[in-house]
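In what follows, every chain begins at residue 1, and chains take the letters A, B, ... in the order their sequences are listed.
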4 protein chains.
Amino acid sequence: MSPTTPPGDRPLRADARQNVEQILQVAQDVFADLGYQASIAEVARRSGLGMGTIYRHFPNKTALVESIAIKVMRESLAQVQRALSEEPGSWTAFTRVLRHMVRLRSGQLFPVSRGRATEPGPELSSIRTELLAALEDLVARTQQAGVLRDDVNAFDVVLMLNSIPPRLTDTEDGSPTADLADRYTGVLLDGLRAPGSEALAQPAPGRREIDQFFRTVHGL
Amino acid sequence: MSPTTPPGDRPLRADARQNVEQILQVAQDVFADLGYQASIAEVARRSGLGMGTIYRHFPNKTALVESIAIKVMRESLAQVQRALSEEPGSWTAFTRVLRHMVRLRSGQLFPVSRGRATEPGPELSSIRTELLAALEDLVARTQQAGVLRDDVNAFDVVLMLNSIPPRLTDTEDGSPTADLADRYTGVLLDGLRAPGSEALAQPAPGRREIDQFFRTVHGL
Amino acid sequence: MSPTTPPGDRPLRADARQNVEQILQVAQDVFADLGYQASIAEVARRSGLGMGTIYRHFPNKTALVESIAIKVMRESLAQVQRALSEEPGSWTAFTRVLRHMVRLRSGQLFPVSRGRATEPGPELSSIRTELLAALEDLVARTQQAGVLRDDVNAFDVVLMLNSIPPRLTDTEDGSPTADLADRYTGVLLDGLRAPGSEALAQPAPGRREIDQFFRTVHGL
Amino acid sequence: MSPTTPPGDRPLRADARQNVEQILQVAQDVFADLGYQASIAEVARRSGLGMGTIYRHFPNKTALVESIAIKVMRESLAQVQRALSEEPGSWTAFTRVLRHMVRLRSGQLFPVSRGRATEPGPELSSIRTELLAALEDLVARTQQAGVLRDDVNAFDVVLMLNSIPPRLTDTEDGSPTADLADRYTGVLLDGLRAPGSEALAQPAPGRREIDQFFRTVHGL
DNA sequence: TATGAATGAGGTTTCATTCAT
DNA sequence: AATGAATGAAACCTCATTCAT
C-alpha cells in the first residue's frame, strides 16, 4: 500500500517522488478543510496535478487516506521514542510529546471523520501497534514518576488526542484563523496531571475499544 | 425551515407529528453511526418510512441536520438556564451543565463532521446566539466564584465540548461498546478548574472563531 | 441477483416491472450492437430512462449482463425440454431446438465477448447446469437414434452454437441487413449429421473446457 | 499507417524492427487472452517495453490492432494462393486452406470483438480486397469440381471462419486447455461439403454484408 | 530512442431530490 | 399524506494518449 514503492520496486523518478510528497501534503490539507468526503478532484485541483496522477500513486481514496495516517503516525512514534530515551517519566517529556502529536495533526490531518472504515492495510496495522505500544510505555513511566494521573491509560490518551480538532480553516478574506488546538491541549494536559479530582466513571478503554474506534474512523 | 410548521401553518396531524419526532430520532442515530454522509435512504429504511415522507417534513438533508442541532441546542439551553437560576457560580452547577450537554450529544448527535456547511437558517442562528449568551453568563459567574480558570471563555468551552466524540458505535456482535465521553469530560473538567497550570498560548477565541467553526461543521 | 425480486420481496409496481423488461430488451440489443463494452449510459439513452433507473434494478453492469444470459438460457431450456418430451431422438427435434436457440440469441444476445468474467451468481450457475444436463440428454437420444454423429457431445454443441454470430447490425441508411445466422446454422447442422466424414482430431471437450469457456465469456 | 515505414522512410534499425515484431506477437496474445478491451499498458508489461515504445511504432490502439489483422490476412492470402496454384478445385486443398486460416487465428488473433470499428486504413482495405478475391476464386473452383456445396459463397466462408472462436485461454494452474477450433473446423467442413441437405434459407451474403461485418468487428 | 509519469475524457456507480402512483 | 421509483449531477476510477526525462 506504500505509494512510494511501486510493484517493480524500482525507485521513483525524482519528479514523481516529489509529486507523491506534494499529493500527501495537499490531501492532508484538503481533508482537514472539507472532511473525508472531499473529492479526489479537489485534491488534484489544489495540487495542480491531474486526477490520474493521484491514482497512479495511490490505488484508491482509501489508500491515500491511509498513507496520510501512516505518515503522521510514523512521526508521532519518533517523538514518543525520543521522549522515552531522553527524559523518561518527566512531565516535560510527556507534555512535549502530546504537543508534538497534536501539532502533527493540527490543521493538517483530516478531522476525525466517522463512517465504517475499510480494513486497514498491513502497514497501517503495524505502525498502529507500534505507536500504541510506545505510548503505553510512555504513560506507564510518567505514571510511575507520579506526575500523570493513575486512572487513565494509553488508550485514553489516544482517544483524547484524536478528538482535538484540527485548525479552523482559513477565512475567505485571507486573514488567518486562530489555531485553538494549543489552548485545548493545555487544558487537556492540566486535566491529565496527577492527581486529578473528577471521578472517571466508566472503566478505562481497552484494546477492544481502541480497535472499535479505529474501525469507525477514516484513515486512522 | 422549521419542520413542524407547514406552509399553511395548520398544526400537523397527530401521526404526522409523531413521524417528525421519529425521523429526528432515527436520523440522529444514523448520523451518529455512519457520519454525515449517511444517506437519506438509510434514514428511511431504519424508520420504516418512505423517503418521500422524510422530504415532506424536511425540505432537504441540510434542514434535517439543522433540526437535530436545534433540538439538541434547545435542550442544552434549558440546562444552562436552570443552572444559572439554581446555583449560579458553583462548580457543581458548571459541571452538571457540561455533563448534561455532553450526554445530549454523546452517542446521539452525529459526530462533528467537517465540510463547508451551508448558511444556517434563522431558527438555528437564533438558538445558537441564545445558547452562547447563556454560556457566557455561566462562564463569567463561575469564574467570578474563582472555581473556573480565568484564561478560558465560553467559546473555548463550546469548542472543547464539541470535540468530545460521540459514543463508539455498537459492535457487530451486538455487545455494547463503552461510552468514553464521561471519562473524557472528567479530564476536561479537571483541566478547566481554577487555577490551571499549563499556559494557554493562543489568544482566546472570539465570535469570529466560533462563527468560523460553525461554518465548517455540519449541522451545528 | 434476480432483478425482479427486490430485497423486501415485495412485488414491483406495474410500471417498474415494465421498465425491467424494457431494460433487459434494450440492453440485449445494445450489447449485440456494440459489444460488452457498451456503456450503461447508452442503454439508458436508448431506453429513454435515466441511468439511475437501471442501477435501481440491476446493482451493476455484471448483474445486468447476467440477467440477460439467464433469460436466454431459461427460454433455451424450455425448448430443449419440449423437444425431449415430444419427439425424443428425431433429427427434426434436434434441428428445431438448435434453430430456436440460435434465434433466441441471434441479433439479440451480445456477441461472445471475451474478457475475464466475474464469478457467476447462483441463479446463473444453476440454470447453466440445468441447461447443460438437458442438452446432454438431447444429444444422447439423438445419437442413439443414429442421426447425430457420435464424435460430438453436448459441450461441443454449446460451444459451436455460441460461436454463431448475432445478426449484423442494421445499416445506417435504415435498410435491414441479412441475418446470416440461419445459413450458418444450416451448414452447422449438416456438419453435425451422422455419420460425418472429417476427423475431429482433438478430444471432445469436457466440463473442464466448458467451465473455462464460461469463465472467459461475459455474461454466459 | 504501416508501422514498418517511419515518416522518413528510412529502414528501421535492427532492434527497432525486432521490437515491432515482438509487439505484434505479444499484442496478439494479449488480445486473445483479454479481448479487445485489453489495455496497451498490459501489452507493454508483457513485452517488457515501455508504453512509449509501442506508441512510437503504432500511432494508436486501432493501428496496432489493424497491423495484427494485416499480418494474419497476408499469411492467409499466401495459403489461398498456394492452394490455387497447386491443387485447384480439390477438396483437400480447400480443407487445407481453411484449416490453415483457422490456425492462424486460433489462440492468436483476438476474439471477434464487436463494437463500431473505425474506418480501416488503406493497407487493411487492400489486403482485405485481395484476400476476398482469392477466396472467391478458390470457392468457385471447388464448387466447379463438385465437392463444395453450391449454395454458399466466399462471403459465407469468411463469416463462418471468423466465428470460430480462438483457443480458450490457459487455466490459472498452468495446465493447457484444449484447442477446440480443430473439432469445430471439422464439423464446419462436413457441413460445407457437397451436396448439403439443410436448406440455407436466407439469401447468400454479398459485399454489402461483408462490409457491414468488417465495420462492426475490431481489427478485421 | 526508450521510458514511464502525467493527463483528462469517459465509464461505472451513488444518492439527494422530485414526482407519479 | 405516504410511498418508493425515476432522475441526473457528481463521485470514483480506468486507460488511451502525450510528453518530459
Student: Would you sort out whether A:Arg17 and A:Glu21 count as a side chain to side chain contact (heavy atoms under 4.5 Å, CB included), showing the intermediate values?
Tutor: CA-CA 6 Å; A:Arg17 160 160 290 284; A:Glu21 309 292 358; 3.3 Å; yes
Student: OP1 or OP2 of F:dA2 versus the side-chain N and O atoms of B:Asn19: is any pair under 4.0 Å?
Tutor: yes
Student: Taking D:Gln22 for its side chain and D:Ser47 for its backbone only, find out whether a donor-acceptor pair lies under 3.5 Å.
Tutor: yes
Student: Mind checking whether A:Leu64 and A:Leu24 have side chains closer than 4.5 Å, heavy atoms only?
Tutor: yes
Student: In a check of side chain to side chain contact (heavy atoms under 4.5 Å, CB included) between A:Asp33 and each of A:Gln28, A:Glu42, A:Arg46, which one passes?
Tutor: A:Arg46
Student: Hey, which sits more toward the 5' end of DNA chain F by its nearest nucleotide, B:Leu49 or C:Gly48?
Tutor: B:Leu49
Student: Mind pulling the stems DNA chain E is in, i.e. runs of at least three Watson-Crick or G-U pairs, everything under 3.5 Å?
Tutor: E:2-21 with F:2-21
Student: Looking at A:His57, I'd like to know whether one of its side-chain N or O atoms comes within less than 4.0 Å of OP1 or OP2 on E:dA6.
Tutor: yes
Student: Test your reading of the model: is there a side-chain donor-acceptor pair from A:Thr53 to the backbone of A:Leu49, 3.5 Å cut-off?
Tutor: no
Student: Considering only heavy atoms from C-beta outward, does the side chain of B:Phe58 approach that of B:Val65 to under 4.5 Å?
Tutor: no
Student: Could you encode protein contacts along nucleotides 11-18 of chain E as a string, one character per nucleotide from 5' to 3', using B for base contact, S for sugar-phosphate-only contact and - for no contact, with a heavy-atom cut-off of under 4.0 Å?
Tutor: SSBB-SBB
Student: Nearest whole Å is fine: how far is F:dA16 P from D:Glu42 CD?
Tutor: 11 Å
Student: Grab the CD-P distance between C:Gln18 and E:dT21 for me, whole Å please.
Tutor: 11 Å
Student: Please confirm whether D:Lys61 makes a cation-pi placement over D:Tyr36, using NZ or CZ under 6.0 Å from the six-membered ring centre and within 45° of the ring normal.
Tutor: yes
Student: Please state how far atom CZ in A:Arg17 lies from atom P in E:dG4, giving the value in whole angstrom units.
Tutor: 17 Å
Student: Roughly, in whole Å, what's the span from CD1 in A:Ile54 to P in F:dA11?
Tutor: 14 Å
Student: Would you say C:Thr53 places a side-chain N or O within less than 4.0 Å of OP1 or OP2 belonging to F:dT7?
Tutor: yes
Student: Is any side-chain heavy atom of D:Phe31 less than 4.5 Å from a side-chain heavy atom of D:Val26?
Tutor: no
Student: Verify, without hydrogens or angle tests, whether C:Glu66 (side chain) and C:Gly121 (backbone) share a donor-acceptor contact under 3.5 angstrom.
Tutor: yes
Student: OP1 or OP2 of E:dG4 less than 4.0 angstrom from a side-chain nitrogen or oxygen of A:Arg56, does that happen here?
Tutor: no
